[in-house]
*Asks:* 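Got a structure for you, questions after.
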Amino acid sequence: MFTNLKTITMTSALALGAFAAPASAEDIKIGVISILEGAFAALGQDGIRGVELAVAEAGGEVAGNEIEVIVMSSDASPDSAVNAARKLIEQDGVDIIVGPLSGSEGLALRDLSKSFPAVTFLNGSSAAQDTTLRDASDNFFRFGGDGAQWMVGVGSFAHDDLGYEKVAVVAEDYSFPYTQVLGFMTEFCAAGGTVPEKFWTPIGAKDYSSIVYSIPSDVDAVFVALGGADAVNFLTQYNQAGGDKPIIGGSITIDQSILDSEGPFKQQLIGAPAGTPTVSDYDGAEWKEFTASYTGQFPDGFSAPSIFAHHYYMSAHAAILALEEVNGDLSGDQAAFRAALTDLEFVTPTGGTMRLDENRNGIVDNFVTEVFEREDGTLGNRVVKVVRDVDQSLGQDPAAFLAQGPVSRDNPSCP
Amino acid sequence: MTFFLIVTLNGLTLAALYFLAASGFTLIFGLMRTVNMAHGALLLLGGYVGFEVAKTTGFWPLGILGGGLAAAFAGALIQFGILGRFQGDELRQTLASIALSIIMADLMLWYWGGITYQVALPDALAGGFKLPLLGVGYASIRLVLIIFAVVVGITLWLVIAKTRLGAIIRAGVDDREMLRALGFDVAKIFIIVFALGGLLAGMAGVVAASALSIAPGTDLQFLLSSLVVVIVGGMGSVGGAALGALLIGLAEQYGLAYAPTYGVVFTFAIMVFVLAVRPQGLLGRSET
């Protein structure tokens, strides 16, 4: 009897506590959307680490308001990202969403954000161009670049320094590689190079052998914008078929995981240039500090932050800086918070100054890297060139850049 | 012309891989009427285990054997422990196998992570060589793949046509009740057939991991391709699986080469056409 009474008292106390919680604390809820299943799972997990790092650096609170992070997984498809965002908004009542990871997911969340004007969306690492360039949404912010910005420097390097005149393109058939190809071709074609053929392959394709044999034999190099397993498959099969053209890499084509994988195709990658906003072993002071903070926080993480940890970190960091500026005030449909975000300037882990353009897209640093052989025989990427202050128009007149039309399989073109 | 021949060769090698994956699937269906949706997971498991074995021993054929045996064991365990309990209740078996495939995929993701694995090939197979007449390079492993599939196909045909086990399986496909009435231990035979299906799936997984690569998601890709192959070829017919694999492999490669954007349409157009004209599949027997 006595125990029963005790149980009842405890239960009601708990119930009271549960009722009281939302009223007493001004928790700030940040929903994070990343890909935690399938082929991107390990990378998506690193995106979550980026957010956790930013929150941990702020001590888990802003101006006395606790920050609560709620994680949802998507699967790289636009509808999964939309479902994740709806769940975060409608059931968890989040104030801010950080994510998603992949290009077409970003476009879907940009559209969704228009239906939820009371929630602020900060892009994770998705890098389709039109997420911010065309049909932008007032409450969608990208503290990072798009796929075209991530290729800045590579086109002119390939033409002027490496002397390539004719390059074939092999890329996956969706918004992010379209944007990467645009970034490469804008410079490469302006420098006088030509791209006679582009091959768009279904994402997740295993067998590239027929594409391999379609690549014209008179090109100087092949620009490959494939990610993860797709890149390994293509490069292996290209090598096995006796393909001997030099490779130019997209931002996620020649990452460390591919350089660490096994196979004779790797020898062909030595000297291959690529464009990327994140270089694991960049020796800038800010990057070293960021890497130390990351590895200290996550001993189980990668040896250095990936492109995903880097970009999710910048978005979460921006949100926290803006929240600090307005003392955690999210009233009035977050108007003050968004104004703070819009005018925010901060030093990024790569040493540049992050700020937004009028479409709320980041003005960023970009790197041209090349693959080199370390003394112990393993391969790594080293920085050839840093390009600061890359805007979304790639340095062109914004109106003229917009007039070139949205990216697609056929745009741009310079055969 | 050279290009066309190369693409045809690519289609044949892909068909060989699809046949390896689908043969176990169709075998299990033919005897037990179980649509084993965990087939892709068995294939991926075989691929991972094969990778580990090949890496540890440094001997590639041992990897194929190890991957095949691991998947055979897992298959037998699935039939013995779970699906066997619902014998005769096909819908429940199918649903249970879907659940199993999800659980297995997550466990494998947990253990092997989300990265891509490729089984290192012996030096003799790692590179390519010049094809006679055509004068272009071709990957050695892909030709080995065709030989392997032909050997497996012939062995499977011999087992089914010439051995006592094959006779029992054929009898079971025709009339399970009669087989049971004649005093055969049907439960044991089902476990053996499931292990055989797992063996084929596991070996296909290691071959896929050698010629292409494996990663989370590979299980669903091969489950889908196996489904399409057996729907086109006819559920339960090994010859049908070979014919279906040939059609789908060639269609996929011609599609990728000549109409990359719409390549995937060809595969499913074939499937829709077969379902409309001959619902039991090209070599399948209609249920009466």
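All heavy atoms count here, side chains included; hydrogens, waters and symmetry mates do not. Keep in mind that what you see is a predicted model, and the values were worked out from it rather than measured.
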*Asks:* With a 4.5 angstrom heavy-atom cut-off, is it the side chain or the backbone of B/Gln221 that approaches chain A, or both, or neither?
*Replies:*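 B/Gln221 touches chain A through side-chain heavy atoms alone.
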*Asks:* Taking all non-hydrogen atoms of both residues into account, name the closest pair between B/Phe3 and A/Ser214 and its distance.
*Replies:*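 In this case the closest contact between B/Phe3 and A/Ser214 is CZ-OG, 3.0 Å.
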*Asks:* CG/B/Leu256 to CD1/A/Ile211 distance, rounded to the nearest 0.5 angstrom?
*Replies:* 4.0 Å
*Asks:* Take A/Gln240 and B/Leu121 through the side-chain contact (heavy atoms from CB on, under 4.5 Å) test and state the conclusion after the steps.
*Replies:* CA-CA 12 Å; A/Gln240 286 176 340; B/Leu121 291 164; 4.0 Å; yes
*Asks:* B/Glu252 versus A/Asp207: any side-chain heavy-atom pair under 4.5 Å?
*Replies:* no
*Asks:* Look up atom CG in A/Leu235 and atom OG in B/Ser213, then write down how far apart they are to the nearest 0.5 Å.
*Replies:*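 A/Leu235 atom CG to B/Ser213 atom OG measures 11.0 Å (nearest 0.5 Å).
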*Asks:* With a 4.5 Å cut-off on heavy-atom pairs, point out which of A/Ser209, A/Gly44, A/Ala241, A/Gly242 contacts chain B the most.
*Replies:*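 Heavy-atom pairs under 4.5 Å are most numerous for A/Ser209.
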*Asks:* With side chains defined as the heavy atoms from C-beta onward, is the minimum distance between B/Thr2 and A/Tyr213 less than 4.5 Å?
*Replies:* no
*Asks:* Calculate, to the nearest 0.5 Å, the distance between atoms CZ and CG belonging to A/Phe234 and B/Leu212 respectively.
*Replies:*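 Those atoms lie 14.0 Å apart.
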*Asks:* Is B/Ile141 close to chain A through its backbone or its side chain, or both, or neither, when contacts mean heavy atoms under 4.5 Å?
*Replies:* side chain
*Asks:* Chain A heavy atoms under 4.5 Å from B/Leu220: which part of the residue, side chain, backbone, both or neither?
*Replies:*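 Contact with chain A is absent: no heavy atom of B/Leu220 under 4.5 Å.
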*Asks:* Can you confirm whether A/Lys206 sits close enough to B/Leu17 that some side-chain heavy atom of one is under 4.5 Å from a side-chain heavy atom of the other?
*Replies:*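 In short, these two side chains do not touch, never coming nearer than 4.5 Å.
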*Asks:* Which answer fits B/Tyr138, side chain, backbone, both or neither, if we ask what part of it has an atom under 4.5 Å from a heavy atom of chain A?
*Replies:* both
*Asks:* Heavy atoms only, distances under 4.5 angstrom: which of B/Asn10, B/Val119, B/Asp106, B/Leu14 has the most pairs with chain A? Name it, please.
*Replies:* B/Asn10
